[in-house]
Amino acid sequence: GAVVSQHPSWVICKSGTSVKIECRSLDFQATTMFWYRQFPKQSLMLMATSNEGSKATYEQGVEKDKFLINHASLTLSTLTVTSAHPEDSSFYICSALHTREREAFFGQGTRLTVV
Amino acid sequence: AQSVTQLGSHVSVSEGALVLLRCNYSSSVPPYLFWYVQYPNQGLQLLLKYTSAATLVKGINGFEAEFKKSETSFHLTKPSAHMSDAAEYFCAVSGAGSYQLTFGKGTKLSVIP
């Protein structure tokens with residue numbers, strides 16, 4: 001299957017700082033990527049849909065100014081958690097849509113801990 | 001709108017026993033259905049998917065699932081559990097052609113030696 005690389009796999013940052021998470025489709029172009037958040041022992045919650053060259057579509061209740069999404073190329077989407085606080089600590093997972101295979105491939109996730 | 005209900009947040013089976021993980025869906029449009037597996041601190045790996053072709057879908061690692069429209073179900077089965085099957089399993093639904101997934105709450109599978 002296709003490969004999606006997410007970086008970093010884990011990060012610890014201080015409260016008030018910003019953290020950028022990258023999601024790359026390594027062997028295919030992805031017009032659409034998705035960002036999810038997963039709390040411990042819970043399901044994945046869709047945060048936003050990222051479309052190359054246009055603004056992301058955020059789900060209800062997700063703060064656009066808090067979670068900045070950029071999809072500047074067909075192989076890269078980034079999620080920046082701005083002014084992070086301990087409550088932002090979570091597992092963030094991206095997926096990239098492979099339209100020809102009609103399947104979304106997932107990155108390995110990023111464990112964010114804000115101290 | 002779509003939703004998924006996974007019955008049982010935790011299922012334990014003995015090694016070699018049948019694995020049955022239940023998933024019921026609700027969808028206002030013809031659904032696509034998926035089963036994913038997640039190992040600790042990792043992303044999701046697709047086990048199998050139903051996209052309106054054959055109702056019995058075979059996936060990787062010996063798993064299969066049957067789409068039953070009359071029961072709005074898509075249960076995941078495996079005839080004989082292996083220790084390596086211990087993980088979290090998520091059922092997900094999307095509208096046909098949508099690709100935006102709605103996940104169930106997950107079922108943690110434990111395999112007892």
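On a predicted model such as this, the values are computed, not experimentally measured, just so you know.
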Exercise. With the side chain counted from C-beta on, respond yes when A/Gln38 and B/Phe103 share a heavy-atom pair under 4.5 Å apart, and no when they do not.
Key: no

To the nearest 0.5 Å, what is the distance between [atom1] on [X] and [atom2] on [Y]?
X        : Y        : atom1 : atom2 : answer
A/Leu44  : B/Leu101 : CG    : CG    : 9.5 Å
B/Gln100 : A/Thr49  : CD    : OG1   : 4.0 Å
B/Gln38  : A/Phe91  : CD    : CZ    : 6.0 Å
B/Asn41  : A/Trp10  : CG    : CH2   : 12.0 Å

Practice problem: For atom CZ of A/Arg111, decide whether the heavy atoms of other residues, nucleotides or ligands shown that lie under 6.0 angstrom number more than 12. | Solution: yes

Exercise. Report, as yes or no, whether the 6.0 Å neighbourhood of atom NE2 on A/His7 holds more than 12 heavy atoms from other residues, nucleotides or ligands.
Key: no

Under a single-linkage definition using a 4.5 Å side-chain heavy-atom cutoff for Ile, Leu, Val, Met, Phe, Trp and Tyr, are [X] and [Y] assigned to the same hydrophobic cluster?
X        : Y       : result
B/Trp35  : B/Val93 : yes
B/Leu48  : B/Ile60 : yes
A/Val114 : A/Val62 : yes
A/Leu76  : A/Ile93 : no
A/Met45  : A/Tyr92 : yes

Is it the backbone or the side chain of [X] that comes under 4.5 Å from a heavy atom of chain A, or both, or neither?
X       : value
B/Lys49 : side chain
B/Tyr39 : neither
B/Phe90 : side chain
B/Gln45 : neither

Practice problem: Please answer whether the main-chain N or O of B/Gly106 pairs with a side-chain N or O of A/Ser43 as donor and acceptor at a distance below 3.5 Å. | Solution: no

